[in-house]
2 protein chains.
Amino acid sequence: MTGARLEQKERTRRAILDAALALSEDSALVALSLRQVAKEVGIVPTAFYRHFPSIEDLGLALVEESLDSLRALLRELRKPAGVDFRSIIDGSVAVLVEQVGRHHPHFGFIARERFAGPPQVRAAIAHGIGLAEHELSIDLAHLPGTDRWSEQDLQILSSLIVGAMVTTAERLIAAAEDPAAEQQIADMARAHLRMMVIGAMNWRSS
Amino acid sequence: MTGARLEQKERTRRAILDAALALSEDSALVALSLRQVAKEVGIVPTAFYRHFPSIEDLGLALVEESLDSLRALLRELRKPAGVDFRSIIDGSVAVLVEQVGRHHPHFGFIARERFAGPPQVRAAIAHGIGLAEHELSIDLAHLPGTDRWSEQDLQILSSLIVGAMVTTAERLIAAAEDPAAEQQIADMARAHLRMMVIGAMNWRSS
DNA sequence: AGTTTGGGTGTACAGACGTACACCCAAACT
DNA sequence: AGTTTGGGTGTACGTCTGTACACCCAAACT
């Protein structure tokens with residue numbers, strides 16, 4: 001398959017994915033029917049099978065590309081954003097707001113399916129978040145001031161921070177791209193990060 | 001309606017609520033069908049209408065009683081649990097673990113429907129969590145050391161703590177009542193709270 | 001004792017669902 | 001130029017859905 005043929009197929013496939021993302025927005029993946037999606041895309045129900053073996057496989061594809069967006073976010077966050085804590089915090093929150101805004105449907109999908117999705121999907125999302133915690137704990141170990149921190153202390157801090165970031169992302173999604181609300185959520189997120197960092201700097205392992 | 005009659009009706013109603021809670025456990029409220037619930041309960045589909053006008057009303061009733069469990073948790077958490085931070089933290093985490101375990105189906109329901117449920121349900125849950133933040137900020141103001149904190153600083157700390165508690169509750173639910181995992185999650189939650197409190201104690205408003 | 005009430009039953013129907021099958025026809029091959 | 005490939009179509013089927021309707025009968029009333 002080459003040229004225009006493949007191009008058209010890819011276009012329809014994208015349309016299916018987008019339609020599914022849009023239709024599940026105010027409900028859940030499990031409430032999605034093949035016929036609904038097909039109608040939204042503008043194809044006949046049976047044509048759906050040319051692209052996905054079943055609705056569940058569609059769901060898995062959506063998880064896949066949503067987790068891609070999550071990984072892209074993590075990649076951006078890991079880019080060194082400054083030297084002092086203040087600029088690292090400001091930069092991280094800015095990246096979070098920007099990326100969540102850019103891939104709003106994907107992060108919304110993750111938020112909805114994290115606990116309401118099928119077990120396989122829940123596990124994949126949990127794994128993605130676990131990975132973020134792990135990577136953050138590695139990055140934290142390279143920061144000044146954490147020289148004598150134990151592995152466990154690093155995990156405590158990174159899981160605390162990732163948890164707060166997830167909460168912030170969920171708030172941003174629920175804010176439905178209202179700029180004023182986003183501003184307020186970002187302010188709060190920066191304050192949270194500062195408070196956690198202050199806690200970490202004065203931390204004594206017990 | 002009196003005596004045995006009402007008693008029997010209440011028993012069937014409970015059975016419907018429990019069946020709905022159990023059936024939606026590994027999916028979502030929206031995926032629930034009237035006939036499924038009726039079959040699980042052991043009644044004929046049309047008998048369902050003797051108790052609820054529709055599946056959506058069943059959902060609202062479940063939200064209602066799940067939020068009751070949440071309010072019960074908050075009530076328990078507000079009982080003074082000690083004088084030093086350590087015992088307050090230990091007591092709070094113990095209460096959280098105990099209450100989430102006791103009302104596991106309810107908290108699981110809240111976790112699933114918080115972002116995947118219908119707008120009305122999402123709003124009700126968000127309101128419940130907002131209330132928790134507000135109440136905590138009031139309680140924090142009465143604690144020693146927060147005398148000169150601004151309203152905003154209190155909100156920052158309370159939303160940070162509530163966020164962490166919600167995350168902990170979600171982890172407990174996902175742990176599916178595995179005692180070893182619960183222990184680990186509780187340990188982590190205590191560490192998180194300690195770190196946040198240390199951050200708060202060294203906090204300087206900006 | 002006689003009547004009413006109300007939860008539970010059984011049948012019935014229209015609509016939505018997933019999906020099998022035969023078919024069409026333009027793009028891509030030989 | 002002739003053939004194959006493959007995305008999209010249309011019909012058709014059995015299953016599941018919500019729900020309307022007539023009915024039953026023990027509990028609760030008068």
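Remember, predicted model here, so these are calculated numbers, not experimental data. Just so it is clear: chains get the letters A, B, ... in the order the sequence lines come, proteins before strands, and each one is counted from 1.
Within 4.0 Å of A:T12, counting heavy atoms only, lie sugar-phosphate atoms of the nucleic acid but no base atom. A:A47 comes within 4.0 angstrom of a base, heavy atoms only. Residue B:Q36 is classed as a sugar-phosphate contact, given heavy-atom separations below 4.0 Å to backbone atoms only.
Salt bridge present: A:R78 and A:E135 bring a charged side-chain N and a carboxylate O closer than 4.0 Å. Comment: A:R14 engages A:E65 in a salt bridge, judged by a side-chain N to carboxylate O separation of less than 4.0 angstrom. Between A:E170 and B:R122 there is no salt bridge, since no side-chain N of the basic residue sits under 4.0 Å from a carboxylate O of the acidic one.
A 6.0 Å sphere centred on CD of A:E98 holds more than 12 heavy atoms belonging to other residues, nucleotides or ligands. Within a 6.0 Å radius of NE2 in B:H104, more than 12 heavy atoms belonging to other residues, nucleotides or ligands are found.
Under a 3.5 Å cut-off, the side chain of A:S158 and the backbone N or O of A:E133 do form a donor-acceptor pair.
A straight line from CZ of B:F48 to C1' of D:dT17 spans 13 Å, rounded to a whole angstrom. Between the CD1 atom of A:I16 and the C1' atom of D:dG7 there is a distance of 11 Å, rounded to whole Å. What separates NZ of B:K9 from P of D:dA27 is a distance of 17 Å, to the nearest Å. Across the protein-nucleic acid pair, A:K39 atom NZ and D:dG10 atom C1' stand 16 Å apart, rounded to whole Å. A:L34 has its CG atom 15 Å from the P atom of C:dA16, to the nearest Å.
Closest to the side chain of A:V44, out of D:dG10, D:dG18, C:dA28, is D:dG10. Nearest nucleotide to the B:S33 side chain, out of D:dG18, D:dA12, C:dA28: D:dG18. Of the listed nucleotides (C:dT9, D:dG18, C:dT19), D:dG18 has the atom at the smallest distance from the side chain of B:R35. Proximity note for B:R50 (side chain, C-beta onward) versus C:dT19, D:dC23, D:dG8: the nearest is D:dC23. In this structure, of D:dT9, D:dA20, D:dA27, it is D:dA27 that holds the atom nearest to the side chain of B:R5.
With no hydrogens or angles considered, no side-chain donor-acceptor pair links B:T168 and B:H192 at under 3.5 Å.
The 5' end of DNA chain D is approached more closely, in terms of each residue's nearest nucleotide, by B:S54 than by the other of B:A4 and B:S54.
Between B:T46 and the phosphate of C:dT9, there is no side-chain N or O to OP1/OP2 separation shorter than 4.0 Å.
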Pair assignment for DNA chain D - dot-bracket with | for other-strand partners, Watson-Crick or G-U under 3.5 Å: ||||||||||||||||||||||||||||||
